[in-house]
4 protein chains.
Amino acid sequence: MLCKRWTRRKEARPQEILEAALGLFVSKGFAATKMTDIAKAAGVTSGTPYIYFAGKEEIFEAVMREILLPQLTIGHELLASFQGNSADLLKAMLKTWWQAMGESQLSAFPKLMIAEGSNFPQIAKIYQEEFVTPGNKILRHILERGMASGEFKVPDIDYAIEVISSPIIVAMLMKHSLINCLPDTLEPERFLNTTIDLLLNGLLASPKDQAHE
Amino acid sequence: MLCKRWTRRKEARPQEILEAALGLFVSKGFAATKMTDIAKAAGVTSGTPYIYFAGKEEIFEAVMREILLPQLTIGHELLASFQGNSADLLKAMLKTWWQAMGESQLSAFPKLMIAEGSNFPQIAKIYQEEFVTPGNKILRHILERGMASGEFKVPDIDYAIEVISSPIIVAMLMKHSLINCLPDTLEPERFLNTTIDLLLNGLLASPKDQAHE
Amino acid sequence: MLCKRWTRRKEARPQEILEAALGLFVSKGFAATKMTDIAKAAGVTSGTPYIYFAGKEEIFEAVMREILLPQLTIGHELLASFQGNSADLLKAMLKTWWQAMGESQLSAFPKLMIAEGSNFPQIAKIYQEEFVTPGNKILRHILERGMASGEFKVPDIDYAIEVISSPIIVAMLMKHSLINCLPDTLEPERFLNTTIDLLLNGLLASPKDQAHE
Amino acid sequence: MLCKRWTRRKEARPQEILEAALGLFVSKGFAATKMTDIAKAAGVTSGTPYIYFAGKEEIFEAVMREILLPQLTIGHELLASFQGNSADLLKAMLKTWWQAMGESQLSAFPKLMIAEGSNFPQIAKIYQEEFVTPGNKILRHILERGMASGEFKVPDIDYAIEVISSPIIVAMLMKHSLINCLPDTLEPERFLNTTIDLLLNGLLASPKDQAHE
DNA sequence: TATGAATGAGAATTCATTCAT
DNA sequence: CATGAATGAATTCTCATTCAT
């Protein structure tokens, strides 16, 4: 309190505040996170966040812009560089997303948006337009690639995109909800593999399965 | 003072309050719903809900017990009475669930539990134990039925259940979140059909597809 | 609720309500006693007390008038009929008061008046004028009787009255306060005897003591 | 918004709040004192007391700890330093107590504890254990000193303590109750003198009295 | 008379935000 | 820039009282 050992680079402050805020939003939700807690977690006092941000909502938005949105580039990079068939690309993409988001604090974002989205339409809009839609575009690209090569047969591409992304989204939600949690805890590896297997091969037993494996 | 008081709906009151509450929880979330709003929406004044329920949380729980949980019987009835192959049973079950929940206000429950579950572990527990788990059991039953008849090939049944239920859950969430909403609005029929097609047949083009259709 | 076995004499209602109220005031205090509780304890429903009394405060006043004040006659009767020396009369009077009030629910009255008196000056005034003052007059009468006979030597009669009544009052308060309660519980017999001994003989050791006992 | 905010009394605030609270508790009782009143009386707004205290009950407890309990040391100091006979010590002690409590706002404490003790057993316990019991110990000490020197003859020491303290307690109660108040107001000097005279010499006229005066 | 559902003013408490220092 | 004490609007919940039946 009285002694700050080393004078902080002031330019780091906003980033520190955003990281503190993300951690708290993740663990307690937006409404239950007090500004004072964010300040404390960032090592400053209650008034300081207001120097950099207009209020709690703006911090939420900034967290999204500064921390979440940059993750999309990982998907684009994978898409641009991937060599191989489309099934493997889809697998790789889902795994990449899980690693980038599911295994980090960012997995809380779907929950946050679902919980608070309707209270903050402005933020929901940004999330939708700058994260969900681009993400869906990547998926669409993969599906079209697979269809073009004759590898995939996609019944209804707009909706298939939603179906394909659902399991990953649900897995992220489960990490932050107490609920839905199978026996006890989700094993991501098994979950991802099962997801990919089902999405590629379906439930129906058939010659294809034998052929494929 | 200046009132009509007592239009003698009496024993209907609790139900009216629960319905009003559900409507508000659905549209604004639990935290953002004020007790006064519930009262007003039910056509009473602020004190009345407290005659029947101890507080907001208890209203939430009652909504779940009185309105959500009874829906499970629909699934059980379908399961008991269905004659036909397992793929058709799965289709029928997903359609039934969508009709019972997805097309009613109950579709808000997944959202509510995700948003508020960690604040009300007691309620989350009931939801999990009395709704999710029984629902999963029904799905497991269908999968086992299909496996026994040689119709299904299920990679990892515990996780497959989660994967299969994910699209429906996500569809419900989308109805109440502003986000994720493809172009504009979800067409449930197309969504369901796509879901079922993908889950049964997978994405991969193959002889099976031709065979099946 | 639905069946009242025997139709109550309606004239008994107000009295029943007052007795129920006294019991609750005694055990929970005035503020913490809800009108609904009084009604329930009297075997009627929440609206009924209002047929007979204007409100909670009026019930309090009525309890005092109907139940407490009549006790004073016991003191007057003792005073009128007592034959013997004044020390014995004082002893008898203190014991009588203790029996009439200390050992009944009425012992709660001093506590109630102390706790609530300043919120209900009207009631405090009645208590003062119609109970305390007459009680003090009785004591004064006894002291004057003792002084006239040469039995008592009273330093300052107005204040002596207060001193003499204090231990009984405190004993009543202790019964209703959790506090002050010596080792564990007060033995009224020992307390009264000690009070009387001290008030008559004082603490100082002296020839008088030997002479007296 | 339109404020002076912050006249920087800072570390004085808690004390100011306690003093404001004591004043209000004294004049209106605990239940009738609203947090807003305390705040206003302390010159702050409604939220400020909650910065320093968890709620009304904690303020009550703090008032007792910070303002009442320290008074006991006065009694201990007198006991330790007094030279003279035990009757004079008893007189001195009663006068000291009256000055320390009876003539200050602290005289309201017996009333507060009687009125609210049963609603706050925790606080009543502290009052009993840290104030009443130590106070009684001091009295016991004086009585034992007088008995050892042959000056006092005490019939039943446990109960005598209660009898001896009763008049002072009642006097404090009278200051805060509207009731019991002789003609009009109590003259403490006369009350104390009468108390001491009666407790030492008793009512009975006898040779001792002549001898003593 | 009696009922008891409903009223609604009132009190405690919380916390995002401000601004004197 | 940073502080952190103070603000005060907002919200939950209580209960004495009313009055349609």
Side-chain angles (χ1 to χ4, degrees), chain A residues 1-2 4 7-8 10 13 31-40 43-57 59, chain B residues 1-11 13 31-39 42-57, chain C residues 1-2 4 7-8 10 13 31-40 43-57 59, chain D residues 1-11 13 31-39 42-57:
Chain A
M1 291 284 177
L2 296 177
K4 11 191 152 158
T7 309
R8 281 176 193 283
K10 296 168 193 172
R13 274 286 149 73
T33 296
K34 295 171 212 161
M35 284 297 274
T36 298
D37 294 338
I38 296 176
K40 232 177 276 170
V44 297
T45 53
S46 62
T48 305
Y50 289 92
I51 296 170
Y52 301 101
F53 305 99
K56 199 158 78 154
E57 185 174 343
I59 288 178
Chain B
M1 288 282 181
L2 39 121
C3 35
K4 74 194 123 187
R5 214 171 289 264
W6 241 31
T7 328
R8 201 72 182 204
R9 283 193 290 280
K10 210 176 74 164
E11 59 293 320
R13 273 289 142 72
T33 297
K34 288 163 233 158
M35 283 297 275
T36 300
D37 296 336
I38 295 175
V44 296
T45 51
S46 61
T48 303
Y50 292 95
I51 297 171
Y52 302 100
F53 305 99
K56 202 161 69 157
E57 184 172 345
Chain C
M1 290 287 177
L2 296 177
K4 11 189 152 160
T7 311
R8 283 176 191 284
K10 297 169 190 170
R13 276 284 151 72
T33 296
K34 294 170 213 163
M35 283 298 274
T36 298
D37 294 337
I38 295 176
K40 232 176 279 170
V44 296
T45 52
S46 63
T48 305
Y50 290 92
I51 297 169
Y52 302 101
F53 306 98
K56 200 159 77 155
E57 183 173 345
I59 289 179
Chain D
M1 288 283 182
L2 39 121
C3 37
K4 73 193 124 186
R5 210 171 292 264
W6 240 30
T7 328
R8 201 69 183 208
R9 284 195 287 281
K10 211 176 69 164
E11 60 290 322
R13 273 288 142 74
T33 296
K34 289 163 233 157
M35 284 297 275
T36 300
D37 296 336
I38 295 175
V44 296
T45 52
S46 61
T48 302
Y50 291 93
I51 298 171
Y52 301 102
F53 305 100
K56 202 160 72 154
E57 184 172 344

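Quick note on labels: first sequence line is chain A, next is B, and so on, each numbered from 1. Just so it is clear, the values below take in all heavy atoms, side chains as well, and ignore hydrogens, waters and symmetry mates.
- Pairs of Watson-Crick or G-U wobble type, with distances under 3.5 Å, assemble into runs of 3 or more in DNA chain F at these ranges: E:2-21 with F:2-21.
- In this view, Thr45(B) and Thr48(B) satisfy the side-chain contact (heavy atoms from CB on, under 4.5 Å) rule, not counting sequence neighbours.
- One atom, CD1 of Ile59(C), and another, C1' of dT17(F), lie 12 Å apart when rounded to the nearest Å.
- Going from atom NZ of Lys40(C) over to atom C1' of dA16(F) covers 14 Å, rounded to whole Å.
- When Phe53(C), Tyr52(C), Tyr50(C) are each tested for a side-chain contact (heavy atoms from CB on, under 4.5 Å) with Ile59(C), only one passes: Phe53(C).
- A pairwise comparison of heavy atoms in Thr33(C) and Lys56(C) identifies O-NZ, 2.8 Å as the closest pair.
- Rounded to whole Å, the distance from CE on Met35(A) to P on dA5(F) is 17 Å.
- As rounded to the nearest Å, dT1(E) and dT21(F) have P atoms that lie 22 Å from one another.
- The CD1-P distance, from Ile38(D) to dA12(E), rounds to 8 Å in whole Å.
- Residue Thr48(A) places at least one side-chain N or O closer than 4.0 Å to OP1 or OP2 of dT3(F).
- Distance, Phe53(A) CZ to dA16(E) P: 16 Å, rounded to whole Å.
- The interatomic distance linking Ile51(C) (CD1) with dT18(F) (P) rounds to 13 Å, in whole Å.
- Scored by the side-chain contact (heavy atoms from CB on, under 4.5 Å) test, Ala39(B) finds Val44(B), Pro49(B) as partners (sequence neighbours excluded).
- The base of dA5(E) sits with one of its N or O atoms less than 3.5 Å from a complementary donor or acceptor on the side chain of Ser46(C).
- Residue Lys56(B) has its side chain nearest to dT12(F) when only dT12(F), dT7(E), dA2(F) are considered.
- Comparing Ala54(C) and Thr33(B) by the nucleotide of DNA chain F that holds the closest heavy atom to each, the one mapping nearer the 5' end is Thr33(B).
- For the pair Tyr50(B) and dT14(F), the criterion of a side-chain N or O lying under 4.0 Å from OP1 or OP2 is not met.
- For the atom pair Asp37(A) CG and Ser46(A) OG, the distance stands at 11.0 Å (nearest 0.5 Å).
- If you find the closest nucleotide of DNA chain F to Gly55(B) and to Thr45(D), the one lying nearer the 5' end belongs to Thr45(D).
- A straight line from OH of Tyr52(D) to P of dT14(E) spans 16 Å, rounded to a whole angstrom.
- Not one side-chain nitrogen or oxygen of Lys34(B) sits closer than 4.0 Å to the OP1 or OP2 atom of dA10(F).
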